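Each remark here refers to the structure printed beneath this line.
Please read all numbers here as calculations on a predicted model, not as lab measurements.
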Amino acid sequence: MNKNIKYYAIIIFVGILAWYKVLSFWFFRAYEATWLTGLRPYNIVNLIKGHGFLYFLDYKLFGWNPVGWYATGLLLHLVASIIFFYLVYKLSKNRLLAFLSSLFFVASTAYHDVLTWASFNSYYPLLLSLLLLTLITYHSFKEKKNILFLLLSLLCSFLGFYVRETGIIIVPLLFAYEVIFAKTIFTKKSIIRLFKHLSPFIILLILFFVLRTLYGGTGGDTADGNVQLQMRLMKDGLYWEYAKTVFLTLGKLIPPQIIPYTFLNTFRESLYKHFDPNLVNTYFFPVLGWLIFAGYGMVLFILRKSKQYFKTFLFFGIWLGLFLLFISLAIPNTPDVLARVYEYNTMRYRYF
């Protein structure tokens, strides 16, 4: 732990340097007030349905003073970055890789409205912290065979389900972890052991969906036009159209992970002189995204014989793919949204 302190200090310093100005931001469009007051009376069920626990806590601690709300988001982002460092280090046994990854993450603009709208979106780093802690404690359980780590892992995952439904991705991620980092796979004994370890998480996931049905799920989700598109395509049996939309949505989510979105918007606009603007608007971002993802696949191919890097890069490649797929399946972009430029207030979907 002591050897990591200097890395933690630098990550925290860079994170504060990158984002401290958000502390002087005002509330955006009164979303915070209208969302929180819409959850009255403030009871457990209403706060769960509205993902409102952090809003309610911020309100109790800071009133309607936005500095405290933004400080909460920044603090949680710094915490998530430190935990991310620790997970990468535990999986790769490489401090430099963990440090560079976390440094890039803590200051990246790929998802900046998680920070610039942190008065409203601070539960994103909270959920990420819980996901990372689930994996860390599960990894410790596999290493030390201590049931306490398994219980902590179950607790973190279950809390994550309720911070945001996106947290359910932790179950397939644990499965990916088991397969990638297992010493032996595809033997009868190893498969039985795998399902024995993961069965408590599957039971928790089923329990979550049962409870979610009882309290009615998240309010307001079906008002989203993208969600309505998904419901209509499924109801009408337009599965091919749904698959195509998911494919394009997933591709569009990728490029701003590594290229500043303002540059991407400008570059796409420059193509209008040479190509049909409608085709460019619909296909440029998604095709570029899939090319980038293919490039990551090439990196994996090059690293395939590296004992130190391959498994870690493969695991986080699957991490990336699972979250992109989840978002694309849940909120596939309407043609209108698909053709839009990247916007400052839609970058949070790339946070995970």
Side-chain angles (χ1 to χ4, degrees), residues 8 11-40 42 44 46-85 87 102 105-134 156-170 218-221 224 256 323 326-327 331 343-352:
Y8 296 156
I11 292 167
I12 291 170
F13 174 75
V14 171
I16 293 173
L17 192 65
W19 301 108
Y20 76 93
K21 288 188 176 182
V22 301
L23 298 179
S24 63
F25 283 16
W26 190 245
F27 288 130
F28 279 103
R29 301 184 183 180
Y31 280 168
E32 300 82 355
T34 54
W35 189 276
L36 183 58
T37 54
L39 300 179
R40 289 175 175 166
Y42 300 133
I44 292 177
N46 286 343
L47 292 175
I48 286 176
K49 290 176 69 173
H51 304 126
F53 280 106
L54 268 181
Y55 310 147
F56 182 66
L57 179 62
D58 281 337
Y59 174 67
K60 287 297 183 181
L61 290 174
F62 310 111
W64 294 116
N65 181 354
V67 175
W69 292 56
Y70 279 99
T72 299
L74 178 53
L75 174 63
L76 289 171
H77 178 57
L78 296 175
V79 169
S81 301
I82 294 299
I83 300 173
F84 177 55
F85 170 94
L87 177 62
S102 303
F105 175 73
V106 78
S108 174
T109 61
Y111 43 76
H112 69 75
D113 64 339
V114 169
L115 278 301
T116 57
W117 285 54
S119 58
F120 196 63
N121 291 323
S122 52
Y123 57 81
Y124 281 81
L126 174 60
L127 175 54
L128 181 59
S129 296
L130 289 168
L131 295 172
L132 296 169
L133 285 171
T134 299
C156 290
S157 66
F158 195 62
L159 291 174
F161 297 162
Y162 285 100
V163 173
R164 188 81 188 185
E165 285 85 348
T166 316
I168 66 175
I169 297 298
I170 194 60
T218 303
D221 276 359
D224 185 282
F323 277 104
F326 179 87
I327 294 167
I331 46 174
E343 298 167 311
Y344 69 98
N345 65 338
T346 58
M347 307 302 283
R348 63 191 178 279
Y349 295 120
R350 294 158 183 85
Y351 189 72
F352 298 109

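Annotation: the span from Leu130 atom CG to Phe161 atom CZ amounts to 11.0 Å, rounded to 0.5 Å. If you take NZ on Lys21 and OG1 on Thr116, they are separated by 14.0 Å, rounding to the nearest 0.5 Å. With rounding to the nearest 0.5 Å, the separation of CZ in Arg164 from CG in Leu126 is 12.5 Å. If you take CG on Leu76 and CG on Asn121, they are separated by 12.0 Å, rounding to the nearest 0.5 Å. Atom CG in Leu159 sits 11.0 Å away from atom CG in Leu131 (nearest 0.5 Å). The OH atom of Tyr123 lies 15.5 Å from the CG atom of Leu57; values are rounded to the nearest 0.5 Å.
The two atoms that bring Gly73 and Pro125 nearest to each other are O-CG, 4.1 Å, heavy atoms only. Scanning all heavy atoms of the two residues, the minimum distance from Ala80 to Leu132 falls at O-CD1, 3.6 Å. Between Val79 and Ser129, the closest heavy-atom pair is CG1-OG, 4.0 Å. Contact record, Cys156 with Leu133: SG-CB, 3.8 Å, taken as the closest heavy-atom pair. Between Ala107 and Val14, the shortest heavy-atom distance links the atoms CB-CG1, 4.0 Å. When all heavy atoms are compared, the tightest approach of Phe352 to Leu128 is CE2-N, 3.8 Å.
The ring-ring contact (aromatic ring centres under 6.0 Å, His included) test applied to Phe62 returns no partner, not counting sequence neighbours.
For the pair Leu115/Tyr70, no side-chain contact is recorded, criterion being any heavy-atom separation below 4.5 Å from C-beta on. Looking only at side-chain heavy atoms (C-beta outward), Thr72 and Leu61 stay at 4.5 Å or farther from each other. With contacts defined as side-chain heavy-atom distances shorter than 4.5 Å, the pair Trp19/Leu78 does not qualify.
Under the 3.5 Å distance criterion, the side-chain polar atoms of Trp69 are matched with a main-chain donor or acceptor of Gly63. Under the 3.5 Å distance criterion, the side-chain polar atoms of Ser157 are left unmatched by any main-chain donor or acceptor of Thr134. In this structure, Asp58 contributes its side chain and Ser119 its backbone to no donor-acceptor pair below 3.5 Å.
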Thr166 and Tyr124: CA distance, side-chain angles, deciding distance, side-chain contact (heavy atoms from CB on, under 4.5 Å) verdict: CA-CA 10 Å; Thr166 316; Tyr124 281 81; over 6 Å; no
Derivation of the side-chain contact (heavy atoms from CB on, under 4.5 Å) call for Leu87 and Ile83: CA-CA 6 Å; Leu87 177 62; Ile83 300 173; 5.6 Å; no
List the steps and the verdict of side-chain contact (heavy atoms from CB on, under 4.5 Å) for Asp113 and Tyr344. CA-CA 7 Å; Asp113 64 339; Tyr344 69 98; 5.7 Å; no
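Ring orientation note: the planes of Tyr42 and Tyr59 are tilted relative to one another, at an angle of 30° to 60°. Ring-plane geometry between Trp35 and Tyr55 is classed as perpendicular, the angle between the planes exceeding 60 degrees on a 0 to 90 degree scale with a lower cut at 30.
Here the rule is side chain to side chain contact (heavy atoms under 4.5 Å, CB included) with His77, and of Ile82, Val106, Val114 only Val106 fits it.
Taking the six-membered ring where the residue is Trp, the centroids of Phe323 and Tyr351 are separated by 6.0 Å or more. In this structure, Phe27 has its ring center at least 6.0 angstrom away from the ring center of Tyr31.
Atom OH of Tyr20 is surrounded by 12 or fewer heavy atoms from other residues, nucleotides or ligands within 6.0 Å.
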